[in-house]
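Shown next, in structure tokens, is the structure this report addresses.
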Number of protein chains: 2
Amino acid sequence: MTKPQISQEISQDPLRFPVTKDVAERAGVSTATVSRVLNGTARVRADKHEAVMKAAEELGFVANGAARALSMRRFMAVGAVVPNIENEAFIRVLSSFQDRLRQEGYTLIAANSGYDIDNVLREATFLIERGIDGLMLVGDIHHPLLHARIARQKIPMVQVFTLSTERACIGFDNAASAGRAASYLLDLGHTRIGVISGLRKDNDRGGARVEGIHAALAARGLRMLPEHDVEISYGIGGGRDGFRQMLASGAEPPTAIICGTDQIAFGAMIEARSRGLDIPGDLSVIGHNDSDFAAFLSPPLTTINVHSAAIGRAAGDHLVSRMAGRPTVRLTEIDAELIVRGSTAPPRARG
Amino acid sequence: MTKPQISQEISQDPLRFPVTKDVAERAGVSTATVSRVLNGTARVRADKHEAVMKAAEELGFVANGAARALSMRRFMAVGAVVPNIENEAFIRVLSSFQDRLRQEGYTLIAANSGYDIDNVLREATFLIERGIDGLMLVGDIHHPLLHARIARQKIPMVQVFTLSTERACIGFDNAASAGRAASYLLDLGHTRIGVISGLRKDNDRGGARVEGIHAALAARGLRMLPEHDVEISYGIGGGRDGFRQMLASGAEPPTAIICGTDQIAFGAMIEARSRGLDIPGDLSVIGHNDSDFAAFLSPPLTTINVHSAAIGRAAGDHLVSRMAGRPTVRLTEIDAELIVRGSTAPPRARG
DNA sequence: GCCTTTCTTGAAAGCGATTACAAAAGACAG
DNA sequence: CTGTCTTTTGTAATCGCTTTCAAGAAAGGC
């Protein structure tokens with residue numbers, strides 16, 4: 001077994017990775033010059049410039065981000081806390097948000113809260129300790145301490161999927177968009193409309209949507225039966241359970257339902273069909289988010305497209321501007337859109 | 001409009017957020033003691049302990065992570081580069097990986113590469129500059145420079161969804177597991193078996209799976225028609241296109257197909273049905289990943305569960321141990337499992 | 001009560017970058 | 001060849017935390 005070759009460039013301690021000083025010595029310049037070359041912050045004579053580049057290359061120099069962050073007082077990272085990192089809508093938001101930030105050299109650090117207001121506080125604090133330069137949150141209802149902390153640290157923050165009167169937001173009016181879906185069903189002639197939503201605790205969006213539906217019904221002098229207003233945890237299984245529960249209540253079944261996600265809608269469709277109900281003949285179904293599979297179900301699912309990717313991109317734009325000290329608009333509305341497919345139709349004439 | 005209340009605790013510059021020194025002064029101790037109390041690294045007399053906690057609380061103190069990282073030479077963050085952040089399997093891995101790391105106080109920074117080997121290098125370098133203490137990659141084929149860089153910085157790294165002879169891995173033998181699925185179909189009596197996989201460029205897993213299927217066929221003296229081996233970009237639409245392409249080739253259609261994801265399988269099922277083919281009567285279909293919807297399709301989809309969540313957790317365990325300097329096993333095999341549901345059956349006797 | 005041992009504490013030295021400031025080196029005109 | 005104006009460079013301070021070291025306080029043994 002041969003002695004390990006210590007290559008000449010590793011002078012003293014082969015265990016340590018190279019730092020600015022090593023590059024400086026090797027290139028025969030000062031650390032200031034190294035920094036100037038590597039960051040392009042000031043003119044450096046061509047020969048020294050080249051020497052630095054060469055030395056950095058040879059040593060495999062990688063700048064220490066913590067040291068840089070400390071001295072620049074900028075971390076070049078932004079955080080995001082979403083309720084559920086496995087939910088399609090949030091993934092799309094994060095994905096486009098990240099793309100936008102990455103273009104500007106920012107890193108995204110994402111965390112999830114499990115729809116719990118205390119967890120949002122905990123995760124956001126964790127991110128703030130990390131030194132993030134900006135923060136994205138979902139919704140407008142948060143722990144009061146969180147807003148105080150964000151203000152104290154002067155961290156630019158933007159909220160998505162909501163429109164708030166207080167803070168910067170990118171999103172839409174959840175009540176209005178769900179209301180429009182309800183109105184569409186009412187226009188088709190439905191009168192018994194139900195809703196299956198995800199958990200509404202600490203979730204202003206879910207709550208607003210249900211309220212918007214109630215309001216649309218009320219505007220036509222109708223009201224939703226309490227038995228037709230069910231709340232479940234997300235997922236296909238949840239959708240099945242939700243619809244089963246609605247039928248089991250003994251109340252006259254709805255002729256149309258609006259679901260919190262396309263997964264829930266899919267679950268409800270499965271349950272309905274297993275009971276011999278025809279969709280859309282006996283039951284019209286509307287989902288949320290326009291998931292990949294929505295157009296491929298049979299019948300294809302009518303759904304509310306919330307434009308997650310556009311929202312994420314806009315949130316990125318917003319934060320990038322704020323962090324650069326540029327002026328920004330507080331509210332950006334990217335309205336949700338009802339995509340009508342085959343899962344909705346006028347109610348079948350009563351037998 | 002009243003003058004903003006400057007609360008007493010903000011003594012000098014109300015623009016700056018509080019630092020250790022401020023807490024120390026307010027509590028009447030040194031910064032060393034503040035650090036000791038806040039990190040619990042050494043015993044401190046009860047009264048001083050309390051004074052520090054109180055001062056920190058009142059000031060809304062949040063430690064500067066960059067400074068901490070710099071002095072501890074530990075960033076308490078790990079990176080992960082996955083091919084596609086919108087793919088269910090990778091999301092599950094990231095989610096469980098993050099949970100595990102979060103327990104130990106680590107932050108996860110995730111990036112995606114779009115199945116491109118150069119992007120993996122770029123993103124990983126970006127993360128290394130950030131100062132990550134550990135790194136997770138998908139698969140075993142990477143840019144040679146990447147391994148050099150990881151070695152130079154002495155960053156613990158673990159690869160998932162693969163088993164390598166060189167590096168630490170958590171995963172399974174892709175060829176063997178796909179081979180088992182093929183053998184299962186062969187046992188049912190199928191002889192014309194096709195495969196629809198995602199892009200295989202820079203993707204050792206996809207390639208290995210297809211090879212495993214070829215090998216299983218060869219072991220029975222059979223071979224796959226080239227027309228039955230198609231490669232598409234991921235997604236339901238891709239699955240439809242893939243199966244359409246297979247039929248359009250003019251070759252005798254397969255009686256069974258194995259798909260790279262459940263989404264692809266779903267797409268292929270849709271296309272098959274639209275052509276009047278019965279599943280599993282005319283066509284058996286196997287997917288990959290056991291997506292949420294797999295069990296709910298009709299017929300329910302037979303699929304290979306790769307245990308993404310378990311892999312992510314194990315990868316977290318592995319890195320946590322390595323970063324703590326504890327000994328670890330290099331290879332952890334978490335075998336994939338065929339879940340047989342209704343989409344597979346013996347081929348219908350030829351008409 | 002005095003000496004040794006054990007706990008607590010604070011002063012100060014890093015960690016590895018960036019950058020303000022001043023000195024040095026060139027460029028140019030007279 | 002000298003003085004002035006730029007441009008390029010290096011020195012050293014700084015960012016905010018952790019941690020070593022040594023001193024001071026408290027505790028225990030005789």
Side-chain angles (χ1 to χ4, degrees), chain A residues 12-13 15-52 55-56 59-77 105 128-133 152-154, chain B residues 12-13 15-52 55-56 59-77 105 128-133 153:
Chain A
Q12 301 202 310
D13 179 357
L15 292 170
R16 287 211 59 61
F17 47 76
V19 298
T20 321
K21 193 150 157 280
D22 302 323
V23 177
E25 278 171 13
R26 184 162 238 267
V29 299
S30 71
T31 60
T33 298
V34 172
S35 170
R36 286 191 270 253
V37 169
L38 264 29
N39 297 302
T41 46
R43 282 208 62 73
V44 170
R45 227 172 52 211
D47 58 337
K48 302 215 172 191
H49 184 281
E50 199 173 331
V52 169
L59 290 174
F61 173 75
V62 174
N64 180 317
R68 167 180 284 160
L70 181 57
S71 73
M72 295 212 305
R73 255 144 302 184
R74 270 268 199 108
F75 190 49
M76 294 308 284
I128 292 171
E129 283 179 1
R130 281 297 194 255
I132 50 164
D133 303 311
R152 166 94 57 165
Q153 303 282 331
K154 305 222 181 314
Chain B
Q12 301 202 311
D13 181 355
L15 292 170
R16 287 210 64 57
F17 47 76
V19 298
T20 323
K21 193 150 155 277
D22 302 324
V23 177
E25 278 172 12
R26 184 163 240 267
V29 300
S30 71
T31 60
T33 298
V34 172
S35 170
R36 286 191 269 255
V37 169
L38 264 28
N39 298 303
T41 45
R43 282 209 60 74
V44 168
R45 226 173 52 211
D47 57 337
K48 301 213 172 192
H49 186 281
E50 197 172 333
V52 169
L59 291 173
F61 173 75
V62 175
N64 180 318
R68 166 181 286 157
L70 181 57
S71 72
M72 296 211 304
R73 257 144 300 176
R74 272 259 196 118
F75 191 52
M76 296 307 284
I128 292 171
E129 282 179 2
R130 280 298 193 256
I132 51 165
D133 303 311
Q153 302 284 329

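Side chains included, hydrogens not; waters and symmetry mates left out as well; all remaining heavy atoms used. Sequence lines set the chain letters: A, B, ... in the order given, protein chains first and strands last, and positions in each chain run from 1.
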> Angle, rounded to 10°, between the helical axes spanning five pairs at each terminus of the helix from C/dG1-D/dC30 to C/dG30-D/dC1?
Replying inline: 40°
If the condition is side-chain hydrogen bond (donor to acceptor under 3.5 Å, both in side chains), which residues does [X] pass it with, not counting sequence neighbours?
{"X": "A/Arg73", "answer": "none"}
{"X": "A/Ser35", "answer": "A/Asn39"}
{"X": "B/Arg43", "answer": "none"}

>> Just to verify, what does B/Arg74 make a salt bridge (Lys or Arg N to Asp or Glu O under 4.0 Å) with, not counting sequence neighbours?
In response: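 In terms of salt bridge (Lys or Arg N to Asp or Glu O under 4.0 Å), with neighbours along the sequence ignored, B/Arg74 is linked to no residue.
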Holding to side chain to side chain contact (heavy atoms under 4.5 Å, CB included), I want the full list of residues that pass it with [X], two or more places apart in sequence or in another chain.
{"X": "B/Glu129", "answer": "A/Val62, B/Thr125"}
{"X": "A/Ala67", "answer": "A/Asn64, B/Leu70"}
{"X": "A/Ala55", "answer": "A/Val23, A/Arg26, A/Ala27"}
{"X": "B/Ser30", "answer": "B/Ala32, B/Thr33"}

>> How would you summarise protein contacts on nucleotides 6-13 of chain C per nucleotide, using B for base, S for sugar-phosphate only and - for none, with heavy-atom distances below 4.0 Å?
In response: --SBBB--
> Can you tell me if the side-chain N/O atoms of A/Thr20 get under 4.0 Å from OP1 or OP2 in C/dG16?
Replying inline: no
> B/Ser71 side chain N/O closer than 4.0 Å to the phosphate oxygens (OP1, OP2) of C/dC15?
Replying inline: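 B/Ser71 to C/dC15 OP1/OP2: no side-chain N or O under 4.0 Å.
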> 5' to 3' on DNA chain D, which nucleotides open and close the contacts with chain A (atom under 4.0 Å from a heavy atom)?
Replying inline: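 So the outermost contacting nucleotides come out as D/dT8 to D/dG16.
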